[in-house]
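In what follows, a structure is listed as structure tokens, so that the remarks can point back to it.
Residue numbers begin at 1 in each chain, while the letters A, B, ... track the order of the sequences. Hydrogens, waters and symmetry mates are skipped; everything else that's a heavy atom, side chains included, is used.
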Amino acid sequence: MNRVLDADFFHRDVLEVAPELVGKIVAHRLSDGTVLRERISETEAYRGEEDKGCHASKGRTKRTELLYGESGFLYIYLCYGMHWLMNVITGEKDQPQGVLIRAGERFEGPAKLTKQLKIDGSFNGRPACGECGIWFEDDGCRPEIKTAPRVGIDYAGDYWKNIEWRFIADRK
DNA sequence: TTAGTGATATCC
DNA sequence: GATATCACTAAA
């Protein structure tokens with residue numbers, strides 16, 4: 001029996017949540033009742049205003065407001081005009097943190113994942129549990145995790161660019 | 001390597 | 001109102 005992750009799971013520091021989310025399953029129930037499932041194979045952590053790679057580093061705005069809010073909510077962001085990226089808010093309120101879901105086992109790449117799961121901006125700000133149709137499950141899988149520097153944030157400077165806050169399932 | 005794409009933030 | 005920027009992908 002799969003355990004659905006509740007708010008307590010996300011209500012911790014992003015550096016604890018992000019590696020644990022690897023190997024979990026993200027599920028989405030469509031309006032017609034179909035349930036799409038995908039095991040997460042890669043995440044990245046974004047944490048704090050001092051993290052130059054984090055959207056909240058520029059301060060609290062309408063867009064980043066969600067990052068400061070309650071843990072367990074979804075932050076969906078449109079990148080380059082055509083790609084939806086999915087994040088989950090973690091940690092304490094008023095502390096900007098989030099986990100970027102970068103890839104699934106079958107859908108490698110953050111935009112492919114959201115596309116295949118049919119997730120778009122309409123889910124921005126929704127809770128990541130039951131009611132809105134999106135939730136996370138733990139089926140007991142505990143993959144080996146390896147770390148790597150985050151990608152796509154060359155602008156963030158040497159320190160934040162090279163910090164290893166990317167978590168990847170080490171496939172056997 | 002480059003084009004394509006549109007919301008957001010920032011600068012008039 | 002205008003422009004610069006961007007946590008990407010696909011095609012070449």
To the side chain of [X], which of [options] is closest?
| X | options | answer |
| --- | --- | --- |
| A/T61 | C/dT9, B/dA9, B/dT5 | B/dA9 |
| A/L78 | C/dC8, B/dG6, B/dA9 | B/dG6 |
| A/K62 | C/dT9, B/dA9, C/dC6 | B/dA9 |
| A/Y80 | B/dT5, B/dA7, B/dA9 | B/dT5 |
| A/K58 | C/dC8, B/dT5, B/dT10 | B/dT10 |

Under 4.0 angstrom, heavy atoms only, what part of the nucleic acid is A/G152 near: base, sugar-phosphate, or nothing?
sugar-phosphate
So A/L100, base contact, sugar-phosphate only, or nothing? Heavy-atom distance under 4.0 Å.
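Base: the residue A/L100, judged by heavy atoms under 4.0 Å, touches a nucleobase.
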Got a list of side-chain donor-acceptor pairs under 3.5 Å for residues 14-27 of chain A, not counting sequence neighbours?
from: A/E20; atom 1: OE1; to: A/R12; atom 2: NH2; distance (Å): 3.2
from: A/E20; atom 1: OE2; to: A/R12; atom 2: NH1; distance (Å): 3.1
from: A/K24; atom 1: NZ; to: A/E20; atom 2: O; distance (Å): 2.9

Does C/dT9 have its OP1 or OP2 closer than 4.0 Å to a side-chain nitrogen or oxygen of A/K115?
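The answer is no; no side-chain N or O of A/K115 sits under 4.0 Å from OP1 or OP2.
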Can you list the steps and then say if A/S57 with A/E49 is a side-chain hydrogen bond (donor to acceptor under 3.5 Å, both in side chains)?
CA-CA 4 Å; A/S57 66; A/E49 290 180 352; over 6 Å; no
Upstream residue (5' side of DNA chain C) when A/V151 and A/K112 are each assigned their closest nucleotide
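Nearest nucleotide further toward 5': that of A/V151.
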Could you give the NE2-to-P distance, from A/H83 to C/dT5, as a whole number of Å?
19 Å
Using atom CG of A/L66 as one end and atom P of B/dT8 as the other, report the distance to the nearest whole Å.
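Distance, rounded to whole Å: 11 Å.
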Between A/T64 and A/H55, is there a side-chain donor-acceptor contact under 3.5 Å, judged purely by atom types and distance?
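Side chains of A/H55 and A/T64: no pair found under 3.5 Å.
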The criterion is ring-ring contact (aromatic ring centres under 6.0 Å, His included); which residues satisfy it with A/H28, sequence neighbours excluded?
A/F123
Charged N-O contact under 4.0 Å between A/E44 and A/R150
no
May I ask you to check whether A/F10 and A/F73 place their ring centers less than 6.0 Å from one another?
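Centroid distance A/F10-A/F73: not below 6.0 Å, so no.
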Is A/E38 reaching over with its side chain to a backbone N or O of A/R106, donor-acceptor style, under 3.5 angstrom?
yes
In which ranges does DNA chain C form stems of 3 or more consecutive Watson-Crick or G-U pairs, distances under 3.5 Å?
B:1-4 with C:8-11, B:6-11 with C:1-6
